[in-house]
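Just so it is clear: chains get the letters A, B, ... in the order the sequence lines come, proteins before strands, and each one is counted from 1. Keep in mind that what you see is a predicted model, and the values were worked out from it rather than measured.
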Amino acid sequence: MLLMYDFKSVELRWQTRWEREHLYRTADESAKPKYYTMEMWPYPSGDLHVGHAKNYTLGDVIARMMRMLGYNVLHPMGWDAFGLPAENAAIDRGIDPAVWTAENILNMRRQIRLMGTGYDWSREIATCEPEYYRWNQWLFLRLFESGLAYKREAPVNWCPHDRTVLANEQVIDGRCWRCDHLVERRNLSQWFLRITAYADRLLEDLANLSGWPERTRTMQRNWIGRSEGANVAFAVDGMDESIEVFTTRLDTLYGATFLALAPEHRLVGPLKRTVSNERATAIDDFVESLKSKTELERTSLMEKQGVFTGAHAINPLSRERIPIWLTNYVLAEYGSGAVMGVPAHDERDFEFAKKQGLPIAEVIVPLNGESNEPLHAAYVEDGRLIASDDFSEMSSERAREAIAERLTAIGAGGKSVGYKLRDWLISRQRYWGTPIPIVHCPHCGEVAVPDDELPILLPPRERISGEGSPLASIPEFIETVCPKCGEKAKRESDTMDTFFESSWYYLRYLDPHNDGLPWASPRADRWMNVDQYIGGAEHTVLHLLYSRFFYKYFHDRGWVSGSDEPFARLFHQGLVLHDGEKMSKSRGNVVGIDQTAEQIGVDAMRLFLLYVTPPEETSNWNEEGISGRVRLLGRIWRACEPHFDAIRESRHPELSAPPGAESKDEKALLRAVHVVAKSAIDETMSRRFHYNTTIAKLDELVNLMTASSEPTPVMFYAVRSLPILIAPFAPHIAEELWERLGHTTSVHLERYLEPEERALAIEEITLVVQVNGKVRARIAAAVGVSEDEALALALADPNVRAHLNGKELRKRIYVPDKLLNLVAA
RNA sequence: GGGGAAGUGGCGGAAUGGCAGACGCAGCCGCCUCAAAAGCGGCCGAGGCAACUCAUGUGGGUUCGACUCCCACCUUCCCCACCA
């Protein structure tokens, strides 16, 4: 794989020049239309590999294309720098996470530049800097003021060994990912953001996000999980309490034969006090047995279990007295944590009732059918009601309405909407995150830290033990006075989930040095929304949903205007495998940026990543495939090199209008130049980004250019155009060629080549002649050949005649300049 | 169990209702060379001497014409998963 140019020195030289000349700095004021494009920022974990390069290369090509098409392009980069890996590295190696993070940022910034990307580095931000997390705290306080940030007890994953909560992702098979101890569920007081208040808007506005992949919208829709149903209140027999349940099948109310409660239900305690000691012990045992189980284990991996509380509830309509059970299959965090058990018409309740010997009461039968008794399985379809007082004979649909009305009338429930979406738990008992700016005062309660005291700085920490809540163990941090009453008080020791930072960073890029506000609204007015956002599909729900929530809140506060969605268009790039396998440190098959730049150069890397697959597909890195792109770069160089001197000495290195082409070859060459330009522009403007097809057309152009070295005007034109055509894709060799042709300014400041109809036009077409839909002849014809002329040409063809074979011509279909289909019988 | 995406040569892929396999990788043949590398030129879905026939996961359908649109099925991958 030998190149005719020294890619390493070429790439280094131009990267240095770009940086020195601040080539990619974006002006806030411009007469050009704005285009805001960004890739999801990286976590500074150490080294970048070619998988990162696929993401940043795609974003870079789009930014460069739009810049060359006359847009004022904003293309920023920053660091999602808080989080667990830094903290764990600090625990393992006994170093300060700030130092570890800063070193990684330094290295990764170098590697991102090494890829030849054009970012406006003057806007670089990192979440672990006080200048950034100060505004995290400021935004938290606004949410707190608005009642959208609140603290409450909630069941969380708790590792008794490490004495800290864990994210769901950090619980593997019910055990702590670090120490392998069994994880418990604990009720702990935690900070939440009330994202559920925006559930309906987050759901409804998905319909307008036409620039988002359908599957992403579907997944968000499912995650929000809106379902329409009803609440029903069951009075507890002998107690001044009632149990509320949520159901989407109100029509089955008369079939409820028991109530099922989650072990965490608020009435478990009160109910226990009304029953015998024996029963109370059984309840305790049951609750205790589930305590150490995660929700996953409890709901998916275990069989349905339960214990009878000894208490009964009254069905508000039938007045039937039904037993109250505790079960493992009811989720405490969904609905009210209690369901009515209708075994005849719900598979889960059927399974549970069979196991516990509970009665099964059939109340729905097929519309035109009869009872299915005895039931061997739950009948879950809609149908006709039976054994349901005056609702009997109604359809399920009608009964749901009628029963809801009756419940409302007697004050025992009514229509209601349930969501799977739960409030966002943002508390972390961790060190390396944004401190939550709240003071706990024994007299005043939870008190907001005044704005002028921000930021609450993260205290320096050279050593972290990994046990317990790090901030809680630092008295200098915790001990403070109440901002309201001045008495002794304690600071909140939790830090924020790092998704908080990434929910608004696209706004900070617009105004990164503002020390009075997170961003100034006029900046947002000018730049938002993000025109194109690019990142992995793994963030489909979390980051992209949280960002939408934040942006809607900002919109409600009047801090941003226009649309209340942050990302107009979204693109998920596919993974990069290495010889068909996922890249991982343990496999030892990670293809790093440094080694790639060293061995083949980053222009070749970029071309390969763009060429091997459409960007949304999974691509496969393999050495053989790359050699094709390395060869292409060599051929590009050899196509241009013979003409450097002649073009430079002509003293007219700038592009003029395409020259007139005389011969067939010249016309083909001229056309090939414009075909590349058209493809590059079409793929960009259509937001399809299938630059693999553009580069295939570039291959064809270069094949034509290397076929001859005749110094014709068309050849000169092609050589002069080539650096512009390839500038977005292979920015270094483009710049080098451009300079060798006699230019003194950067090729990246040029306008992209405008495709011209005259150059793209073809004079001769291949007319495909079909007989009864099968191709029987291919005839060369002039563009614009008339149907009659085409018919005459076709009928003159012996093969066509043979297939017509004297049959009657019934019909003919003519597609101008393409095809003539003769239908005969 | 629910939802989503996708199935085209030895491989990556192109073609989104009109010439299936552009472009590239691998392979084969040749040129250049003392030789090799690099480079350059040619061949490259299957069957058939050929005219042709078959071929885009499988089976149907719509159409003058289907990789493309519709229905059913099979397979793979991804996401969610006892959500009442």
Side-chain angles (χ1 to χ4, degrees), chain A residues 1-4 213-219 221-223 225-227 229 245-250 252 260 295-296 298-304 327-331 333-342 345-349 351-352 418-422 537-538 540-541 572 574-575 580 607-608 611-614 616-620 622-629 631-632 634-635 638 690 692-703 706-707 765-778 799 802-803 810-815 817-824:
Chain A
M1 290 199 292
L2 186 76
L3 281 172
M4 305 266 301
E214 185 52 46
R215 77 180 154 138
T216 304
R217 290 195 281 170
T218 304
M219 280 167 70
R221 216 170 269 131
N222 292 342
W223 186 266
R226 181 190 154 98
S227 60
V245 304
F246 176 74
T247 178
T248 54
R249 289 301 302 276
L250 193 56
T252 66
E295 194 167 277
L296 176 83
R298 234 197 251 198
T299 56
S300 295
L301 306 176
M302 287 175 73
E303 277 199 25
K304 288 182 177 50
T327 70
N328 64 333
Y329 75 94
V330 174
L331 304 172
E333 291 287 294
Y334 182 75
S336 56
V339 301
M340 61 182 200
V342 186
H345 307 294
D346 182 282
E347 284 167 8
R348 298 153 299 185
D349 296 340
E351 187 190 333
F352 185 73
Y419 296 93
K420 286 189 201 177
L421 183 70
R422 299 172 197 180
E538 68 273 20
T540 291
V541 173
H572 293 310
L575 297 172
L607 285 177
F608 177 73
Y611 179 73
V612 68
T613 352
E616 67 275 18
E617 300 293 332
T618 299
S619 35
N620 189 27
N622 69 80
E623 316 300 332
E624 283 174 347
I626 292 150
S627 61
R629 299 305 88 195
R631 282 179 200 145
L632 173 63
R635 292 225 309 282
R638 284 194 300 275
H690 285 197
N692 52 324
T693 61
T694 305
I695 294 171
K697 291 174 170 91
L698 177 65
D699 274 308
E700 295 185 65
L701 168 63
V702 176
N703 285 344
T706 49
I765 53 114
T766 303
L767 182 72
V768 174
V769 181
Q770 295 180 334
V771 177
N772 290 337
K774 294 208 183 272
V775 179
R776 297 303 176 189
R778 299 185 175 103
N799 200 38
H803 279 94
R810 288 245 172 115
K811 190 172 177 184
R812 66 179 193 246
I813 290 96
Y814 183 61
V815 184
D817 290 339
K818 274 190 179 157
L819 169 136
L820 179 68
N821 187 11
L822 303 173
V823 185

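Candidate nucleotides C64(B), C79(B), A84(B) were compared by shortest atom distance to the side chain of M219(A), and C79(B) ranks first. For V775(A), whose side chain is taken as the heavy atoms from C-beta onward, the closest listed nucleotide among C19(B), G24(B), G18(B) is C19(B). For D346(A), whose side chain is taken as the heavy atoms from C-beta onward, the closest listed nucleotide among A84(B), C25(B), C64(B) is A84(B). Comparing C19(B), A84(B), G18(B) by their nearest atom to the side chain of Q770(A) picks out G18(B). Nearest to the side-chain atoms of V768(A) among the listed nucleotides C23(B), C19(B), C64(B) stands C19(B). Among the nucleotides A84(B), C23(B), A14(B), the one closest to the side chain of P614(A) is A14(B). Of the candidate nucleotides G24(B), C19(B), C64(B), G24(B) has the atom nearest to the side chain of D699(A). In the set C25(B), G4(B), U53(B), the nucleotide with an atom closest to the side chain of R631(A) is C25(B). Comparing A22(B), A51(B), A84(B) by their nearest atom to the side chain of N799(A) picks out A51(B). Nearest nucleotide to the T693(A) side chain, out of A15(B), G18(B), A26(B): A15(B).
Between G57(B) and C64(B), the distance separating the two P atoms is 24 Å to the nearest Å. Between G10(B) and G45(B), the distance separating the two C1' atoms is 10 Å to the nearest Å. Rounded to the nearest Å, the gap between the C1' atom of U56(B) and that of G12(B) is 16 Å. With both ends at atom C1', the span from A81(B) to G3(B) equals 10 Å, rounded to whole Å. A gap of 41 Å separates the C1' atoms of A36(B) and C49(B), to the nearest Å. Remark: the separation of the P atoms in C70(B) and G21(B) is 25 Å, to the nearest Å. Going from the P atom of G30(B) to that of C78(B) covers 46 Å, rounded to whole Å. With both ends at atom C1', the span from C67(B) to G13(B) equals 13 Å, rounded to whole Å.
When heavy atoms are screened at a 4.0 angstrom cut-off, T766(A) is found touching base atoms of the nucleic acid. Looking at heavy-atom distances under 4.0 Å, N620(A) makes no contact with the nucleic acid at all. Heavy atoms of R629(A) sit under 4.0 angstrom from primed sugar atoms or phosphate atoms, though from no base atom. If you check every strand for non-hydrogen atoms under 4.0 Å, R776(A) touches sugar and phosphate atoms only.
Base pairing analysis places G59(B) opposite C71(B); the two distances defining the Watson-Crick or G-U wobble pair are each below 3.5 Å. When both pairing distances are held under 3.5 Å, A51(B) makes no Watson-Crick or G-U pair with any nucleotide shown. Partner assigned to G1(B) is C80(B), using Watson-Crick or G-U wobble distances below 3.5 angstrom. With a cut-off of 3.5 Å on both pairing distances, G65(B) has no Watson-Crick or G-U wobble partner at all. Base pairing analysis places C40(B) opposite G30(B); the two distances defining the Watson-Crick or G-U wobble pair are each below 3.5 Å. The partner of C11(B) is G24(B), judged by Watson-Crick or G-U wobble contacts that both fall below 3.5 Å.
Against the 90° criterion about 0, the sugar-base torsion of G9(B) places it in the syn range.
Ranked by how close their nearest RNA chain B nucleotide is to the 5' end, S227(A) and V612(A) are led by V612(A). Annotation: of the two residues near RNA chain B, L819(A) and G628(A), the 5′-most nearest-nucleotide partner is L819(A).
Rounded to whole angstrom, the span from the CG atom of N692(A) across to the C1' atom of C25(B) amounts to 15 Å. If you take OH of Y611(A) and C1' of A14(B), they are 9 Å apart, rounded to a whole angstrom. Atom-to-atom, CG of L607(A) to C1' of C25(B) comes out at 15 Å; the value is rounded to the nearest Å. Rounded to an integer number of Å, the gap from E700(A) CD to G21(B) C1' is 14 Å. Distance CZ (R778(A)) to C1' (A20(B)): 10 Å, rounded to an integer number of Å. Here C80(B) presents its C1' atom at 13 Å from CZ of R422(A), a figure rounded to the nearest Å. Here the C1' atom of nucleotide A6(B) and the CD atom of E214(A) are 16 Å apart, to the nearest Å. Rounded to whole Å, atom C1' of C77(B) lies 11 Å from atom CD of E617(A).
Residue R631(A) holds its CZ atom at 14.5 Å from CG of L607(A), rounded to the nearest 0.5 Å.
Between the side chain of N821(A) and the base of C64(B) there is at least one donor-acceptor pair of N/O atoms closer than 3.5 Å. At a cut-off of 3.5 angstrom, counting only N and O atoms as typed in the model, there is no donor on one side facing an acceptor on the other between the side-chain of E347(A) and the base of G1(B).
A sub-4.0 Å separation between OP1 or OP2 of G18(B) and a side-chain N or O of K818(A) is absent. Considering only side-chain N and O atoms, R635(A) lies nowhere under 4.0 angstrom from the phosphate OP1 or OP2 of A38(B).
With salt bridges taken as basic N to acidic carboxylate O contacts below 4.0 Å, none links K697(A) and E700(A).
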* Under the side chain to side chain contact (heavy atoms under 4.5 Å, CB included) rule, what do S619(A) and F608(A) come out as? Steps first, then yes or no, please. => CA-CA 10 Å; S619(A) 35; F608(A) 177 73; over 6 Å; no

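Smallest separation of non-hydrogen atoms from T252(A) and H345(A): CG2-CB, 3.9 Å. When every heavy atom of D349(A) is checked against every heavy atom of G341(A), the shortest pair comes out as OD2-CA, 3.5 Å. Nearest heavy atoms, R635(A) versus D699(A): NH2-O, 4.2 Å. A pairwise comparison of heavy atoms in N222(A) and K420(A) identifies O-CD, 3.8 Å as the closest pair. Listed here is the closest heavy atom pair of L819(A) and L767(A): N-CD1, 3.8 Å.
A cation-pi contact, defined as under 6.0 Å to the ring centre and within 45° of the axis, links K304(A) to Y329(A).
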